[in-house]
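Written out below as structure tokens is the structure these notes cover.
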Amino acid sequence: MTTTQLIEQIRKKQSFLCIGLDPDLDKIPTHLHQYEDPIFEFNKAIIDATHHLCVAYKPNTAFYECYGIEGWKSLEKTIQYLNNKYPEIFTIADAKRGDIGNTSTRYAKAFFEQLNFDSITVAPYMGKDSVEPFLSFKNKHTILLALTSNEGALDFQTQNTTDTTLYKMVLEKSKTWKNATQLMYVVGATKAEYFKEIRNIVPDNFLLVPGVGAQGGSVEEVCKYGLNKNIGLLINSSRGIIYASNQSNFAVQAQIEAQKLQQEMQLELTKHSII
């Protein structure tokens with residue numbers, strides 16, 4: 001999917017909501033356990049109930065890998081279902097990969113060619129030659145971890161170097177890499193006060209923003225400094241939507257929570273005169 005196509009979907013749906021598909025067999029409704037693949041059945045129900053309210057889905061691969069080959073099969077079925085039934089949806093493999101060039105190429109092939117995701121999250125720590133292999137795939141996007149929403153982000157990401165902070169160095173350096181226009185960045189909603197500085201460095205790139213909902217981030221605060229002329233935001237909610245209920249009506253409740261966020265986003269787009 002191209003960036004232009006993603007922007008078109010955001011404008012059409014008046015939403016920049018991304019829903020995290022992080023299934024946990026201990027949390028999904030018990031009646032789903034009667035199915036051969038309860039994880040896929042859970043994901044399918046969530047997708048069917050919310051696809052008109054969001055523009056992206058983000059499966060975190062750890063929630064599939066922990067179940068071995070069966071979990072990986074569930075991930076494959078989920079991405080195939082999305083690509084076949086809802087091809088307009090932007091898909092994110094939240095895999096946080098990154099290694100020396102030859103290995104990164106294999107990671108990229110696995111997620112971009114084998115599974116056909118539109119994007120993947122990548123750790124920047126090993127630098128240019130660990131990220132550029134992902135950027136070499138046409139119409140695929142690499143979402144670089146920049147300033148994350150977890151408490152431990154303060155251990156390194158906001159620490160001062162000689163004349164800047166580490167996350168700013170990551171942003172500045174990444175702009176020099178080949179095909180850098182295909183970069184997006186992870187910036188946590190719980191770090192809303194940093195968005196103005198981040199936009200000064202990467203004014204045009206999309207930001208994937210976790211931390212809204214269960215982690216306490218605010219859509220309004222993120223939009224205040226995070227929006228750009230092409231929207232430039234994908235705000236993710238996982239637990240707050242997919243685990244809104246553990247009863248048989250879980251998909252309906254997920255839809256209700258997704259719609260609340262979509263309406264907030266629509267309001268922000270109107271307020272900032274973007275739609």
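Computed over heavy atoms, backbone and side chain alike; hydrogens, waters and symmetry mates excluded. Counting begins at 1 with the first residue of the sequence.
Placement of Ile120 and Trp72 within a single hydrophobic cluster is found when ILVMFWY residues are connected by side-chain heavy-atom separations under 4.5 Å, directly or transitively. Cluster annotation: Tyr225 is connected to Phe206 through the hydrophobic network of ILVMFWY side chains, with a link wherever side-chain heavy atoms come within less than 4.5 Å. Hydrophobic clustering keeps Phe250 apart from Leu53 (ILVMFWY residues linked when any side-chain heavy atoms are closer than 4.5 Å, directly or through intermediates). A continuous path of ILVMFWY side-chain contacts below 4.5 Å connects Tyr86 to Leu21, so both sit in one hydrophobic cluster. One hydrophobic cluster holds both Ile242 and Tyr35 under the rule that ILVMFWY side chains link at heavy-atom gaps under 4.5 Å.
Checked options Asp22, Thr78, Asp37; the residue passing with Asn43 is Thr78 (criterion: side chain to side chain donor-acceptor pair (under 3.5 Å)).
When atom types are taken as modelled, the side chain of Asn228 and the backbone of Ile231 share a donor-acceptor pair closer than 3.5 angstrom. A donor-acceptor pair is defined here as one N or O able to donate and one able to accept, closer than 3.5 Å; no such pair exists between the side chain of Ser119 and the backbone of Thr142. A donor-acceptor distance shorter than 3.5 angstrom exists from the side chain of Ser74 to the backbone of Glu70, with no hydrogens or angles considered.
Taking the six-membered ring where the residue is Trp, Phe134 and Tyr107 present parallel rings, their angle staying beneath 30° rather than reaching 60°.
Between His51 and Tyr57, the ring center distance fails the sub-6.0 Å criterion.
Annotation: the span from Glu76 atom CD to Asn116 atom CG amounts to 12.0 Å, rounded to 0.5 Å.
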